[in-house]
Amino acid sequence: MILGMVRGTVYSTINHPFYDNRRLLLVDRIRPDGSEEGGYLLAIDSVDAGVGDLVLMIDEGNSARQIVDEDNAPIRSIIIGIVDEIQWTG
Amino acid sequence: MHLGRVVGTVVPCVVYQGLKGVPMLLVEPLDKHAKPKGDPFVAADSTGMAGPGEFIYYEASREAALTLDPWFVPVDHAIVGIVDGATREGEEIRP
């Protein structure tokens, strides 16, 4: 799973039907110490995350489909948790 | 899933069955600030409505094929939607 920091949102009305009424969040990939890796993901929110939240994401289809409970959902990037605290011996 | 910008179209004269009539567009990948980063690639357009210059978002691998009908087709990138607006730290971002 991937650590990320929610930085923004994306609004869209013309999209694949599955993405209707789903919040799209712009999430920077970060290292455990909070520094940015440079990459990012546009992820569907499933836990009411908001801008500024430290989140846990998955970027893999089978898990994502399991979460949304739809066999052929064209989805990979999804936010599955909001992180309270990271303890890192790094 | 990532942000992209449509920079062209591709019209195949012969294509694998199941992909007939599927629009193929040239997409330039964008970074987290919606600025170009990386080489353009060809993506199937599942919305069927994206045109050159449009701000879009796309998915890769099997999930790209799953956006199409029939979905068991050899596609590894697909436009999933057209961006109406995107914000980053309170500021609008555009390609």
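Lettering of chains follows the sequences in order, A, B, ..., and the numbering in each one begins at 1.
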Applying the 4.5 Å side-chain criterion to the ILVMFWY set and letting contacts propagate, would [X] and [Y] be lumped into a single cluster?
| X | Y | result |
| --- | --- | --- |
| A:Leu42 | A:Met57 | no |
| B:Val42 | B:Val11 | no |
| A:Val47 | A:Ile78 | no |
| A:Tyr40 | B:Phe55 | yes |
| A:Leu54 | A:Met1 | yes |

Structural part of [X] lying under 4.5 Å from a heavy atom of chain A:
| X | result |
| --- | --- |
| B:Ala60 | both |
| B:Ser46 | side chain |
| B:Leu68 | neither |
| B:Glu89 | both |
| B:Arg88 | both |

Nearest 0.5 angstrom please: [X] [atom1] to [Y] [atom2], how far?
| X | Y | atom1 | atom2 | result |
| --- | --- | --- | --- | --- |
| B:Thr67 | A:Tyr19 | OG1 | OH | 8.5 Å |
| A:Glu60 | B:Arg62 | CD | CZ | 10.0 Å |
| B:His33 | A:Arg7 | NE2 | CZ | 9.0 Å |

In this structure, are over 12 heavy atoms from other groups packed under 6.0 Å from [X] atom [atom1]?
| X | atom1 | result |
| --- | --- | --- |
| B:Glu92 | CD | yes |
| B:Lys37 | NZ | no |
| A:Asp71 | CG | no |
| A:Gln66 | CD | no |

If we only count heavy atoms from C-beta on, is the [X] to [Y] side-chain gap below 4.5 Å?
| X | Y | answer |
| --- | --- | --- |
| A:Tyr11 | B:Thr87 | yes |
| B:Glu59 | A:His16 | no |
| A:Asn15 | B:Tyr57 | yes |
| A:Leu41 | B:His2 | yes |

Counting heavy-atom pairs under 4.5 Å to chain A, which of B:Ala64, B:Gly48, B:Ser61 comes out on top?
-> B:Ser61
Part of A:Ala73 lying under 4.5 Å from any heavy atom of chain B =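 Answer is backbone: N, CA, C or O of A:Ala73 sit under 4.5 Å from chain B.
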Listed by residue number, which members of residues 22-33 of chain A have a heavy atom under 4.5 Å from any heavy atom of chain B?
->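 Heavy-atom contacts from residues 22-33 of chain A to chain B are A:Leu24, A:Leu26, A:Asp28.
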Best-contacting candidate, A:Ile44, A:Asp59, A:Ile75, against chain B by heavy atom pairs under 4.5 angstrom |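 When all of A:Ile44, A:Asp59, A:Ile75 are compared, A:Ile75 has the most.
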Give the other cluster members for B:Val6, using side-chain heavy-atom distances under 4.5 Å between Ile, Leu, Val, Met, Phe, Trp and Tyr residues; answer none if it is isolated.
->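 Hydrophobic cluster check, B:Val6: joined to A:Ile14, B:Leu25, B:Val27, B:Phe41, B:Met49, B:Ile56, B:Tyr58, B:Ile79, B:Ile82.
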